[in-house]
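Below: one structure, written as structure tokens.
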There are 2 protein chains.
Amino acid sequence: MVETRRRQIEDVASSLFREHGYAGTSVRDIARGLAIQGASLYAHVASKEDVLWAIVRRAADRFESAADEAQQETFGRPVGERLEALVRGHVGVLTDDVGQASVFVREWRSLSPEHRARIGARRDAYENRWRRLIAEGSEAGVFVPADPALAAAYLLTALNGIVTWYRPGGPLSPRAISAEYVNLSHRALAPGRIDD
Amino acid sequence: MVETRRRQIEDVASSLFREHGYAGTSVRDIARGLAIQGASLYAHVASKEDVLWAIVRRAADRFESAADEAQQETFGRPVGERLEALVRGHVGVLTDDVGQASVFVREWRSLSPEHRARIGARRDAYENRWRRLIAEGSEAGVFVPADPALAAAYLLTALNGIVTWYRPGGPLSPRAISAEYVNLSHRALAPGRIDD
DNA sequence: CCTACCGATCGGTAGG
DNA sequence: CCTACCGATCGGTAGG
């Protein structure tokens, strides 16, 4: 299957890009991970950047889907609950495929100007969902009033930081991380006691 | 002055490493920023990695000094206040020289194995200060009980995220960022109302 | 700090 | 998917 080989390439590239960065990974490094020659990679991909672009695009799809789902499932619910669902969804995408998520979070600046602009717009739209929810909670008096842009940046970078230390199979399960991060995030915005 | 030229090199390199990463920046890129030839750089530095190492080491010094100062100034004070001082110090180092801080936060993996190990030990020690303070607050019942390692990772990556978006001279002053981030961080750990 | 230069490696192509 | 190969660029050295 052609599609399967593409995925293998992207998986190998994701983990190499995560570990060494896009610029620090050569086409031959990726090929080595697949036990083929460097030049043979071009039977499957148009360019090195093409691989990066595919990884970043798929990751963006997953973050957006997770947010869609979270917002649908908690439609009409209290804003704190909707925030928790958003956090849970985001952390889920992060831990489900750290390699891919890490590349999305940290390597998108290496894209070509055209692709960088396109992904930048999607990142902005995604971040705006968080800002709107935070603004809504602040206006409703449920969250402590805060600059929605700053608070969204704070939360998102705290969550995204997971890609710098998370290792599947490590001592902390995705569920444990998610539970703790949901609490920390909710508490950062809400005044009174939330749990415990 | 020899020292001054070294600093110029490190400053130019910091902002290039921040923007393009260590692997994505060539020795000739750095030289171009100083209006000299690529080979001329080697009159001042031993190697490209030598420049990275100098930047990372100086940043580590600054983070440690800020934490020392914060902990001295709040010695004997309530744990929440000590946490706030630690956050304020960390954010101050971040905004005082984002280029340098960004390289410390994101490019230290590009160091040679020996240097990476040495900086890794310092990073661990620094993070342990945060863990200990969080553990202390949890045990005293001032903070909501949380896994100190997870909570420290959450806070530190939230703060470090500043390097991904902060631009000196932008709409948000370092003071405004610091004030908001101090509140968000304190609230993430403490149950009851803190301010506002 | 410059010119001239080094071997190694880069992303990528041609032609099977 | 391979071999053979391309021009460009990499970090770095020699010798002023």
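A, B, ... follow the sequence lines: proteins, then strands. Residue 1 opens every chain. All values below come from the heavy atoms of this structure, side chains included, with hydrogens, waters and symmetry mates left out.
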TODO: Return the value, rounded to whole Å, for the distance between atom CD1 of A:I30 and atom C1' of C:dG12.
DONE: 13 Å
Task: Gap between atoms CD and P, on A:Q37 and D:dC1 respectively (whole Å) - done: 11 Å
Open item on the list: Under the ring-ring contact (aromatic ring centres under 6.0 Å, His included) definition, can you give me all pairs with a residue in residues 66-107 of chain B, not counting sequence neighbours?
Closed with: B:F63-B:H90, B:F63-B:F104, B:H90-B:Y126, B:H90-B:W130
Task: Sequence-distant partners of A:V182, side chain to side chain contact (heavy atoms under 4.5 Å, CB included), two or more places apart - done: A:E84, A:V87, A:R88, A:S178
Open item on the list: Please determine whether a side-chain nitrogen of the Lys or Arg among A:R131 and A:D124 lies less than 4.0 Å from a carboxylate oxygen of the Asp or Glu.
Closed with: no
Open item on the list: Please say yes or no: joined through hydrophobic side-chain contacts below 4.5 Å, possibly via intermediate residues, are B:L156 and A:V105 part of one cluster?
Closed with: yes
Task: Residues A:R129, A:D68: salt bridge by 4.0 Å N-O rule - done: yes
- [ ] Would you mind reading off the distance between B:L41 atom CG and C:dT3 atom P, rounded to a whole angstrom?
- [x] 15 Å
Task: Pairing residues for B:R58 by the salt bridge (Lys or Arg N to Asp or Glu O under 4.0 Å) criterion, not counting sequence neighbours - done: B:E10
Task: Any side-chain donor near an acceptor of the partner, B:D29 and B:S26, under 3.5 Å - done: yes
Open item on the list: Base contacts versus sugar-phosphate-only contacts with protein, heavy atoms under 4.0 Å: please encode nucleotides 4-11 of chain D as B, S and - from 5' to 3'.
Closed with: B-----SB
Open item on the list: As a check on the pairing definition, encode DNA chain C in dot-bracket form, counting Watson-Crick and G-U wobble pairs whose two distances are under 3.5 Å, and using | for partners outside this strand.
Closed with: ||||||||||||||||
Task: Interatomic distance where CZ belongs to B:R6 and P belongs to C:dC1 [whole Å] - done: 13 Å
Task: side-chain hydrogen bond (donor to acceptor under 3.5 Å, both in side chains) pairs, two or more places apart, involving residues 136-148 of chain A - done: A:R82-A:E136
